[in-house]
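Beneath this line is the structure, given in structure tokens, with notes to follow.
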Amino acid sequence: MNIDKSIGIFDSGIGGITVLNEILKLLPNENYIYYSDSKNNPYGDKSETEIFNICDEIVKKMFFEYNCKAIVIACNTASTKVANKLRENYPYKKIIAIEPAYKMVYDYAYDKPTLVMATNGTIQSEKFNNLFKKYNNHKTYLLACKGLADLIEDGNDEKILNYLNDNISKYKGKVQNVVLGCTHYPLVQKEISQILGNVTFFNGAPNLAKHLKHLLQDEKSLNISNEIGKIVFFDSSNSKYKKERFFKYLYV
Ligand code: DGL
């Protein structure tokens, strides 16, 4: 299969599909290579150096082996920790990165109490802390959801629900905004709603998709084909289960 001139997209696992699905709504005719790095999952508990080395290998492969025209980092942990360093390493290439949608709260629902859910790595990162200081509404709880992305990867519904009950029930009635600061979490949005009730979710993926479209438009590098693009999936541990789960959530 010719996968030249595609858009590369990666995450520590299948969570980045929530970003790809938003991109597909705007750019259905592009070709995509999705790389699920389950061999190195989770990124959330790794050091910056470890994450950089892992992501640098992926990015290098995508640009120079697969000839991708742009890369989307569909992982908030990798984005907040190493996106800038990766951009410095590949200054002439397009690297687009998701980030926790805390600025959206500032823009649209500043006065409402907010829960930010993200990995420990994201919550601790300098980039997120700068964002938090800049847009702080002084009614925000930061919750490092250690282990949640792993549970979502594994897909055991009962364990996911138990985890959420144990960790977020205490915010019921206290928050009205929820920032989904990890790309895995939109996959359990329904379950979060079941526990927290009627809350508004904030997710950076739709804006990232718009940004990517504008960028490709400006550079005249959109795929002009009228056919629906191809989507190629790789998993770094060759997991058949991950592949099945990825295609189950595609276009959902
Ligand atoms: N999906 C990743 C994110 O958005 C995190 C998962 C992990 O910890 O590996 O942060």
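Order of appearance sets the numbers: ligands from 1, and atoms from 1 within every ligand.
- Taking a heavy-atom cut-off of under 4.0 Å, ligand 1 is surrounded by D11, S12, P42, Y43, G44, C75, N76, T77, T119, A149, C182, T183, H184.
- Using bins of under 30°, 30° to 60° and over 60° for the plane-to-plane angle, the ring pair F132/F128 lands in the parallel bin.
- Applying the side-chain hydrogen bond (donor to acceptor under 3.5 Å, both in side chains) test between N177 and each of D111, N137, T114 identifies T114 as the sole match.
- A donor and an acceptor atom, one from each side chain of Y108 and T200, are nowhere located under 3.5 Å apart.
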I'd like a table of donor-acceptor pairs (distance under 3.5 Å, sequence neighbours excluded) in which one partner is a side-chain atom from residues 231-238, with atom names and distances.
| residue | atom | partner | partner atom | Å |
| --- | --- | --- | --- | --- |
| D235 | OD1 | S36 | OG | 2.5 |
| D235 | OD1 | S38 | OG | 2.8 |
| D235 | OD2 | S38 | OG | 2.8 |
| D235 | OD2 | S237 | N | 3.0 |
| D235 | OD2 | S237 | OG | 3.0 |
| D235 | OD2 | N238 | N | 3.2 |
| D235 | OD2 | S239 | N | 3.0 |
| S236 | OG | D37 | OD1 | 2.7 |
| S236 | OG | S38 | N | 3.1 |
| S236 | OG | K39 | N | 3.0 |
| S237 | OG | S38 | OG | 2.4 |

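- Between K94 and E219, at least one side-chain nitrogen of the basic residue sits less than 4.0 Å from a carboxylate oxygen of the acidic one, meeting the salt-bridge criterion.
- Taking the charged nitrogens against the carboxylate oxygens, E88 and K85 have no contact shorter than 4.0 Å, which rules out a salt bridge.
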